[in-house]
Structure formats: structure tokens, C-alpha cells
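What you are looking at is a predicted structure, and each value in this text was computed from that prediction instead of being measured.
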Amino acid sequence: MSSPILRPLPNESWNCMLPGPPSRNNFGSADLSPSGLLAFASGSSVSVVDSNSLQLVTTVPLPSYSPSTSSTASLSPFLTSVRWTPLPPRRDLLATEPSSSHLILAAADRHGRISLLDFRLRSIILSIDPPDPSSKTGVQDLCWVQARPDSFLLAALSGPSHISLYNTSTCRFIFKYDASPEYLSCVRRDPFDSRHLCIIGLKGFLLSIKMLGESEEDIALKKFLIRTNCKEILKLEKDAAAAATGGSSTSTPASAVFPLYSVRLAFSPHWEHVIYVTFPRELVVFDMKYETTLFSAALPRGCSKFLDVLPDPNQELVYCAHIDGKLSIWQRKEGEQIHIMCTMEDLMPSFGSYVPSPSFLSVLISQSEPILQNISKICSKLSTAASDMDFDNPFDFCDDTLLVSKTHLISISDDGKLWSWILTAEGTGDMQNGAISSGRNANVFEESTNANTTVSSNDESTADGGRQLHKVNGARIQQSKSTDARPDVTFKISLVGQLQLLSSTVTMLAVPSPSLTATLARGGNSPAVAVPLVALGTQNGTIDVIDVSANAVAAGFSVHNSKVRGLRWLGNSRLVSFSYTEVSEKIGGYNNRLVVTCLRSGLNRTFRALQKPERAPVRALRASSSGRYLLIVFRDAPVEVWAMTKNPIMLRSLALPFTVLEWTLPTVPRPVQNGPSKQSPLSPNGNAAAASEEAASSTTASSSDTKTGSSDGSHDDSSESFAFALVNGALGVFEVHGRRIRDFRPKWPSSSFVSSDGLITAMAYCLPHVVMGDRSGVVRWWDVTTGHSSSFNTHREGIRRIKFSPAVAGDHSRGRIAVLFYDNTFSVFDLDSPEPIANSLLQPLCPGTLVLELDWLPLWTENDPLVLCIAGADSSFRLYEVNINDKRRIPGRQPRNLKERFRPMPLCCPILLPTPHALALRMILQLGVKPSWFNTLGTTAIDRGPQSITRTTSSTGDLRSYMIELPPVGDSVVPELLLKVLEPYRKEGCIFDEERARLYATIVNKGCAARFAFAAATFGEVSEALFWLQLPLAMNHLMSKLVKKSPEKVPFLEDSELDDTALLSRITSKGKLAPETGWRDALSKGQLRLMAFDQEDLWKSANERIPWHEKLEGEEAIQNRIHDLVSVGNLEGAVSLLLSTSPESPYFYPNALRAVVAANMVRTDRSLSGIHLLCAVGRYQEACSQLQDAGCWTDAATLAAAHLKGSDYARVLQRWADHVLSAEHNIWRALILFVAAGAMQEALAALRKAQQPDTASMFIIACREIHADIITNVLGSDDESASSSNKDTMVELPGLNPEYDDVIAVGEFYGQYQRKLVHLCMDSQPFSD
């Protein structure tokens, strides 16, 4: 079932690869990790991009499904799903060695194989084959689901209706479910319970799976049906069944059968049990607890089908992507589950006309930005003075409006573009901080009917796209109409970045290799030099120019309207390409289009433009190394020789039956006829002189030299030659000298050299050697100056292409050749070897890759390695370093490292650092480092204000001076050692970018809890960051309880009601804790609801849900409504609802008894039916226990919040915390509940059991700091003597006394962790991209 994969060697050049564009065959598969790494599938490869800077990190190609040999290569299947592992970086360094387990990526393909990738090692660490490999059941979607505290299972949707669960640790298949005849669409994990996931089908079938253990018996299933209009899918299914032959579609996933019929679901991050589902033309809000639809809305007229649904993590907004690239924004009305479409944005603007137009594939929402916004809101004021705004920073907006929310979106299209967007919601100054006034903002398409609302268009302008779009400064796209009727909130979208990958399927590859006689295209006598550029022709007619030093697309040119069929360089700054289209059968013939493209100006100039179609299409182009001459090869027609001056001139036509032609590479002055020179034309002694002499005589190569534009070149003393083969096997070499073409008069080989049974299909020419390949797989070489020749049989299929490796100064060998065969495999042979086959480098260089085109990268220095450029059949572009032997290398010189890469800006992604270095940075951020330590690229935006960040280039002296204070725990020397380890990254400026460094500067002095939250968010640990943000409130809740029950008499505390709000409102002097408005506003919304514990928050959340269900009918719905009313303490409403039961209902008599008789408060068959009676007689603690026994933990907490206080409420929270820790495996949620309940020892024990020594120590530090701040600020410092006496009598922090053994053990454990981390950091080499 599973097969181990060997890891590649560290020096393998998998990072030197550009992926082809993603397509619908990849099912729009992409995943954005909380740490900011974007993974997406393109063809059979997985690409990883830093979502912040939109820089390509790496691309990992997956090998073919079946093992390939050099003679039988197969194309790897399309990847259809990718998912990052949810595991954080492991910190149990004392028990295990550091690993990259947090960078594991799951990828699945159309053949049903699931692979786990470690992209840092660029290798597959595990491969899970489908149960029946012959069926090739494609995978539709993947999702991780938690089974244990430290492990996740992998859920896969395969085929049309199969669900499978795999244990990737043991490689075991543990569960399978067949949902036939349903077509399953997607699977998602519940943010409130990571053990729970849901699967949606195309017709509304909904399956809920909860993992209660790791075996099949521990899986709880529940089925639902969301009613929707299925007419379209039924018709599509009928058409698909009619088109299928022999049941061939039985194993095909839904997205392959119905690519334009998308059904997606997403869990609400704000409301438990609520999910959003988009059908192609309907948005549905479904309540899984009530098993009913709360809201549904049809698309307005003129809007395209839904593609995906994305809830905003912080605000009550839902973003819906459409297949035409639009994004609709839906806002919930206050107090109701009714969503209204506010506006429509464009996520794929067009910057020209493309035929066909690109398709929109997917959109993703950042999970790291919302938590950073929460940290920023809590630690600073939401509104910023205009003087602190950076007008050049797209993340700053200096308006009269109030920034309500900022959402980072990334969209992907099939033309190889990744778009980075910032969507802001801005409100007027009278709005509350962080809140969206949703009840008054309905301008729009609303027709509400009871619980179900149908949305329709009332405005033609909005029906055709929602609003008009305007570009501001070339980047920002703002709405002009949708906000007029809604003065409270406006939405603006800004394009802040774009990454261009290969735009289409690659058809041609061209590498510049200008000779010494080539001159710069802009004129002058300077010789042209080899440039690190490669040109790729594509299927859609564009030409992409690749900068191989940066592994990026440097430029793209839209040249042709159809497939680029030929492409060559003219020198180093011009390209010539051709395409043709076949005229209709009635007229016949072909329209050939030849274009010269200037890379500097971007201009395309056609030449040889004819008015009528031609009989023969162009078959190939062959350009001389200088770029002066061009051979245009036709199919069954004479070859034309052109002089490529500013206005190209045809020199003559050659009516010979050519099969192949190739110019010499590189071009040098014509050798002396009397005696062929044995010295290489690139000898060190003659390099400069030859370059100068030939550059002075080369005037016709300049495209800007108008004086020689029409010259016949008769005064040119240089010449170039090309070799050819004819249909009959005859060989020859012609020399082009100005307008004259003459025989080169080579020394002919022996008569037995030419084979009569093998048609020559490929040729390469590098003076003085001509190498040929035929359709029988035989390679022959011939020295045109001596007549020496030889041959060898490759025992392969026919040869399609031969390329000579670049010459090296001082090299007198015959050279190496790369041979491309007709089966799309290749080999590299050394012509000097007595046995070329034995010493060849074969296809395993890139297994599973079918090669369309290849060529050698030119050398810039004699120490450069030999590098092959490969255009794969999967539309990828790759570089491979070739090392057969190094006898051609100059002795004493070492080849440079191919992995040196130029980046336009530093790659600031801490999660990519080696694990020990990443943990070192995390510790530095936690302990607090001065902002001046960061070495950011810019200083103008962050030098202003109290926290100034300046760019420093070196760190000398005691590095501990960069720490804001000496660490209160651990060894004080460790921070200095860690700063030394991180120094290489700091010097390169690749720790934080300017924006992230500025954010850290605002929170570094706001208390350790804020720093801990920032450090956790930096490494994608969202739950931990939320825990640190909630910790101050939990501590205030605990201190309020301790003060009230303290027997000591504290003045003025007796006379005032001390609650969380009072405590928070008094902590203002030091600035370490934000005032009540900052904390409470942020905590009442968004991601922090996942950590709710406060009585008021729980009660408000439950009370707000009750009106959603008032109009629901049915006995089960009524029972749930009664239960909700009792939970919030509304006993009168519950009794009224019981008494309103119809006499015909089977619940009539039980409800009547429950409403009147307290003796029947518990029934064995329905334990929850008597909860309200327990409450009626004041037995709230027992009622809460009964709810918890029934698994209704949130309801029990809600009931306790309404009726219990002090230790009674704490007991409910602590039992809830034990359940969350042991059953739900959510340690951070459990820790907050433990703290709020006062169970500090249990919280500390949980951290120690999880083997997180650093977090346990930081937890003690944070609790002590918050406790000290509360005591100091509540008691005040007006009367120091009184304050001192009061502090002496003030309650201590329970469970965290420095004298406790557990606390001492945590400190010792942390010291061991620090020492082990220092050793690991010293042993790890700095990561260099």
C-alpha cells in the first residue's frame, strides 16, 4: 500500500525549476498555511510560494506513478489536491532530534496516489498507493483530522464517492466509506473541534465524521441533507452517463466529470455547528445542530456561478468566489442569520485581450493576518494619526475613515498568475472599533421570506458585476457605486503584488549563445555577451523570458495568436519566432507569421508578410550565433536565407531536399584553407583580440545601424557556416559571407560513414565537429577539418535533437552532447570517451519527466558547471547540473554553487529557517529584542515614532544589549549565543520585512503575553497565539474570583464590584495591558471566540442564536429550542414553548408533565428533557453536570454562565478543560479554561506532559507579570505604605509559587532546553536560499 522513496542528494537542483501554469485538471488545488506559505499544484508538480512577498520558494516535481527507466518514461499524473500538515514545529528537543515535520505537505493525484512531501528536502518521504492501482481512482480532496494530541489522520475523497482515512505514521488504512451514488465535492475540518470534519456532495448530501479514537470503531458518522435545486446536476449526470463508454467514468472524481459545477463548504469561524455551503447558484447557511437551513440566497441575475466560499476569520463577512474571477462580499444582518451581498470585486483584472481568456481557478484567505490584526488592535489604538502613515506602503491607508478590517487574499488563474490582494472594510468615525454595523447596511438585493431569503438584482448596473472598477496608481481598485447607499462601511480592494509563472504550455525553448562576432543590438562595437536568459515559446502564442539567475519570469511578450512553433535568439537582445495557421479547406494553404521581438523595447516587428496564403508552412528556424543570418525551413519547399538587419532581407533560396540544418556554435572567423588550425577558436591568448577585431568589422548586426541596413555586406570580412544533411544521406557545409553562399570545402569522411538505412533526423555543429543522429538511434561525429569520423549506437528510438555543450577556453576535446530521443527522454554523451554509452548520463537525472526541448546554458566563466535547460511535457522549465567527469575543468578551479540565486528582495519567512534556528528566533522574540536589531530594507516608514527601527549592517560588542531586558528565567548568556547564530540572517535582512518589524516594534513593550502571541503567530501557531491573547482576561477573571473570596479586608475593594471590566479598566498606566475597550472589542469577535470562557461572552453568544430558530417548526426543532432557552436562563420562554405543544404531538404529554411536575425531571430515554426542571428548582450544578455527561459542554458552560458564580462556575470550567485536553486534544483551549477556573497546577502539568518546556516557562512568566500588574494597578501607588501593606495581604497566585516543586522543575527543564537548543544551532548551517 505504501512505498518508501529515496531522498535526493542535497546538491540535486530541484530548486532550479519553474512550474507550468496550473489548470482545471489540477482541480484548483491550493493551500495557504497559517505561517504564510502557499502551496499549489501545477501539472504534476507542487510549488511553494511565500505569500507575503510572492516569491517562489521551490517547486517539487512528483515522479510518475509507475517506476520509469531510461527507455520507458511515462508522464506523471496531474496533482489534484495539496494540504499542509497542521502540526507546529516540534519543541521536544530533549526527547527527539529536530525535524521538518511542520513542513510536511500532502499531495494527491489523478491516479489515486497520496504522497507526503518534505519540500525543504525536496523529496517524497511517504507514498500511499490506492488499494487497486489498476483502477486509477483519482483523489478529489484531502483534509487532516486530529486523532491524538500529536498526530493527525489524513482523510481523502477518492473517485466519485469514496471516503478513506489513513494513518500516515503507521501507513495503515483505517476506515473507508462509500457514499454512492453521490458525487462528493470537498472535505473540511471544524475550527471548533479538530476531530470533526464534514464532506459535501453535489446534490446536498452532507456527511459528518468525528474521530473519537484511532480505530474504525471510534468513528462517529452522521448524515444530513441540504435541500437545493438539483435539475442542472441531474442533467449533467445524464449527459456524462451517455458519454461514458464501458463504465470508464466510475472512478473519476466529481471535478473531472463536472469541472464547472462546484459545490463547496466552509465552517463558520464564529458560530459552532454552522456551515456555509455554495452550490453553483445558491448560498446556504446550515445549522448542523438543528439539521436545518437557516438561510439561502440565490445569485442575482448576471452573476456567474459560485466557485468557493471563504468566511472572514475576524468579521461577520463571507467571501464567495465566482468562476469568472469575481468576489462577492456577503454581510450578516445583526441579530439574524441573513446574509446580504454588499458588493462585487474583481480578482482577475484584464490587462489586455487574450483569446481564450484565462480561467479563474481558486482563491485563498490568509489565516496569519487576522491574528496579527488582533495583536495590533489589542496592543495599540485602532486608528493611527495621519503623521504616522506611510503613503507608499499599500498596507497603510490614510483616510478620514476608520479601518474596520483588513483581509489578505490570493487568487490563482490558469495563465500562471498569482494575484495578491488586500481587501479593507472602512467605516466612518462614529462606528465602534472593530465592529461592522451590519443591520443598517442593506442597500441591496434583498427579498426575505421567513427563514429563507432569496437574493435578486434590483439594479442593472449591479447585476452586471456589482459596480464599476477604477484603477488608482495602477494598483488599487476601488468601488465607485456600491458604497453610496451604505455610509457606514465601504469595501476597497488593492492589488499589492503579482507573481508571473510560465503563462502556458511550453512548446519551444531557445538559449542565447552569441558568438564573438555578434554585437549589441543597440549598436556600437562592443561584443555581445552571453546573458542569463532563456526564451520559452508557449501554446497561447506568448514568449516568456526566464532569468535563470533568479529562477523567475523576467518578461512576457504576447507575439502570436496561436502556438509558437519556432523560436531562436538573434544575438542576446532579439528573438525571432514563427507560427502558422491553416487556411480553410476551400482555399487551402497556410498563413505563416514571422516576428522579430526586441527585448529592450518590447516591440514586435513582422517580416516576410505575404498577402496570400502559401502552399507550405514554415517547419523550423535556424539563426546563426551572431544573429546576422536566419534560415527559414519550409515543409517540402526551398530553404530561404535571410540577413537579419534592421529591415530583414532575403539573400537567396536554396532548393535542396534538406532534412536538417544547423549553424556552427560558436561562430568564429573562417579557418585557413591551406592548413586547419589545431588551436581552439576560444583559446585564452586570442580571446580579446578576436573579439575586438570581429566586433569592429561587424556592422550589419546592429539593428539600429541605418547606414548598413540595406548593405549587401560585401565589405564584411567575417563569415559563418552551417552544416546540413539531405534526404539521400549526403552531408555538406555551406559558408555564408555577406550575400554570398559557398561551399565550405570540408575534409570528407570515409564512404562508410554515411548510412543508407538511417535518415538523419538531428544535427549539431561546433567547429570543427559535426554530430548527427538518425532515426535508428545511431550517433555519428565528423571533423570537417581532418575528415576523422566515428559512430556509436545508443540502442534507443530515433534521435530528435542534439546539442553541443558550451566550449571552455583551453579545451581541445570533442565535447559533450545532449541527445533528445523521440520517446521524450535524453542522455548526455562524452565524445572523447572510448565507450560513450558506458559513461553516459541517462534519464534518471529527472525521472518521470518527458522532455520536449533541451539546450545547454552558456558559460559566463570557465568555472561554471555545465547546466542543461529542459522544457518538460508537464510545461515546466528546469535546470540540471551535469557532472559525468570533470576532466574538462581547469585544474585547481572549483565549480560555483548552482544554488546561488538572485532575489529582488530578501525572502523573509522565518518558518523556512532550519528548525533549531527557527526555535532560536522564536525564543528571541519571546524574550524581547529591541527593534533596532532588525535589518530591514527601508527605514523611512519605521524611523518615525517612539519605536524607531534603523538599519544596521553589523553587530559588535555585547549582543545582549539588543535585548530589552535580561531574561527572568534560564541562562542569561543564551540570548547572546542565539543572536550570534541568527546574525547571518539579520545581515541579509531576511528575518522580518519592514511591515512585520514595525508591528513587532509596537508590541515589544506591551507585556510578555503580547510578545508570546506575536512569536506564535509568526510561526503559524494560531491557537497558541489566541491563548496568549486570552490569558490576561482569564487571569483577570481568576483574580476577581480570588479577591471576592479572600478573607483579608482590602480597602476600597469591598466597596466596589470588582469584575473583569473593572480590573481591566484600571490597568492603564504602564501600557502593558490595553484598556477594556481594546480587549473586549477584539475578544467579542473573530478568532478569539474559539477561546471563549467568560460568562458574559458565553451567554451573549448563546442568546444571540435563539432568534435564528424562532420560526423553525418540527418536534426536534422545538426540543432544541427549549434546550437553548433553558441554557440561557429563560425558563419562562421554555415553559411557554412546552405548553404550546399541539395535542396531536407525541410530545404533548411529556411536555405537559415536564412543565408541571418536577418529579419527572429526568427520563432515561431522553436525559436532556429534564434539564429545565432541574433549573426550575435551583439545582444548576446538577443540571450542568448532566449536560456535560451528555456531551453538551458548551451548553453546560452557557447554563453555568447564566446561573453559577465563583467556585461553582470554576468546577464547570475545570471539568470542561479536562474534556477539551483529553478528548478534543486542544491544549490551548484547555489551558485558558484551566486558568479561568484557577487550576494553575493542572495547566502547568498539561504543558509539561506535552513536552513544551519553553511554553511552560513562558506561561509562568506571563502569569506572574499579569498578576503583578493587576495588583499594582488596582491598589495604586498613592500611598506607598498603605500599598505595601495591602500587597502583603493580597492573595497570591495559586499554583505558581516559586517555591513549588513543579515550578522549580519547569525552570530546570527550561535551562536544559536552552542548552540543547544552543548546541543544535551551532551544529546547523545557516540556510541560504
Within the side chain of T1198, is there an N or O that forms a donor-acceptor pair under 3.5 Å with the backbone of T1194?
yes
Step by step, work out the side chain to side chain donor-acceptor pair (under 3.5 Å) result for D287 and H1109.
CA-CA 10 Å; D287 192 324; H1109 313 115; 2.9 Å; yes
Rounding to 0.5 Å, atoms SG (C320) and CG (D308) come to a distance of 8.5 Å
Which atoms form the tightest heavy-atom contact between Q337 and F295, and what is the distance?
O-CB, 3.0 Å
If you apply the rule salt bridge (Lys or Arg N to Asp or Glu O under 4.0 Å), what do you find for D324 with K305, and how did you get there?
CA-CA 8 Å; D324 63 349; K305 294 179 180 179; over 6 Å; no
Are a donor atom and an acceptor atom from the side chains of W330 and E316 found within less than 3.5 Å of each other?
no
Go through the steps for E369 and K406 under the test salt bridge (Lys or Arg N to Asp or Glu O under 4.0 Å), then give the verdict.
CA-CA 8 Å; E369 289 296 328; K406 185 173 67 174; 5.1 Å; no
With rounding to the nearest 0.5 Å, note down the distance linking CG in L1231 to CG in L1031.
9.0 Å
Check: E1104 main-chain N/O paired with W1108 side-chain donor or acceptor under 3.5 Å
yes
Step by step, work out the salt bridge (Lys or Arg N to Asp or Glu O under 4.0 Å) result for K1100 and E1096.
CA-CA 6 Å; K1100 283 184 176 180; E1096 181 182 358; 2.8 Å; yes
Start with the C-alpha gap between F360 and L307, add the side-chain angles, then the distance that decides, and say whether side chain to side chain contact (heavy atoms under 4.5 Å, CB included) holds.
CA-CA 9 Å; F360 183 68; L307 178 68; 3.6 Å; yes
Can a donor-acceptor pair be found, under 3.5 Å and without considering hydrogens, that links the side chain of D1097 to the backbone of A1092?
no
Does Q1030 reach the main-chain N or O of M1091 with its side chain, forming a donor-acceptor pair under 3.5 Å?
yes
Consider only side-chain N and O atoms of S328 and H322, and report whether a donor and an acceptor are under 3.5 Å apart.
yes
Has the side chain of N314 got a donor or acceptor atom that lies under 3.5 Å from a matching backbone atom of P370?
yes
Step by step, would you call F267 with H196 a ring pair (Phe, Tyr, Trp, His ring centres under 6.0 Å)?
CA-CA 11 Å; F267 283 92; H196 179 220; 5.7 Å; yes
Would you check if the side chain of N1103 reaches a backbone N or O of W1099 as a donor-acceptor pair within less than 3.5 Å?
no
Is the side chain of R998 donor-acceptor paired with the backbone N or O of T1002 at a distance under 3.5 Å, no angle test?
no
For Y1000 and F934, take the angle between the two ring planes, folded into 0 to 90°, and tell me which bin it lands in: parallel under 30, tilted 30 to 60, perpendicular over 60.
perpendicular
Output yes when a side-chain donor or acceptor of R189 lies under 3.5 Å from a complementary backbone atom of W144, and no otherwise.
yes
Expected output: side-chain R281 to main-chain A298 donor-acceptor under 3.5 Å:
no
When you compare the side chains of W421 and S411, does any donor N or O come within less than 3.5 Å of an acceptor on the partner?
yes
For the residue pair F992 and F1014, does the interplanar ring angle fall in the parallel (under 30°), tilted (30 to 60°) or perpendicular (over 60°) class?
perpendicular
Rounded distance [0.5 Å steps], CG in L418 versus OG in S362:
8.0 Å
Are S420 and H408 close enough that a side-chain donor and a side-chain acceptor fall under 3.5 Å?
yes
What is the ring orientation for F1012 with W1028, classed by angle as parallel under 30°, tilted 30 to 60°, or perpendicular over 60°?
perpendicular
Is the closest side-chain donor-acceptor distance between D312 and T407 under 3.5 Å?
yes
Just by distance, do the side chain of S268 and the backbone of H270 share a donor-acceptor pair under 3.5 Å?
yes
For E282, is there an ion pair with R264 - N to carboxylate O distance below 4.0 angstrom?
no
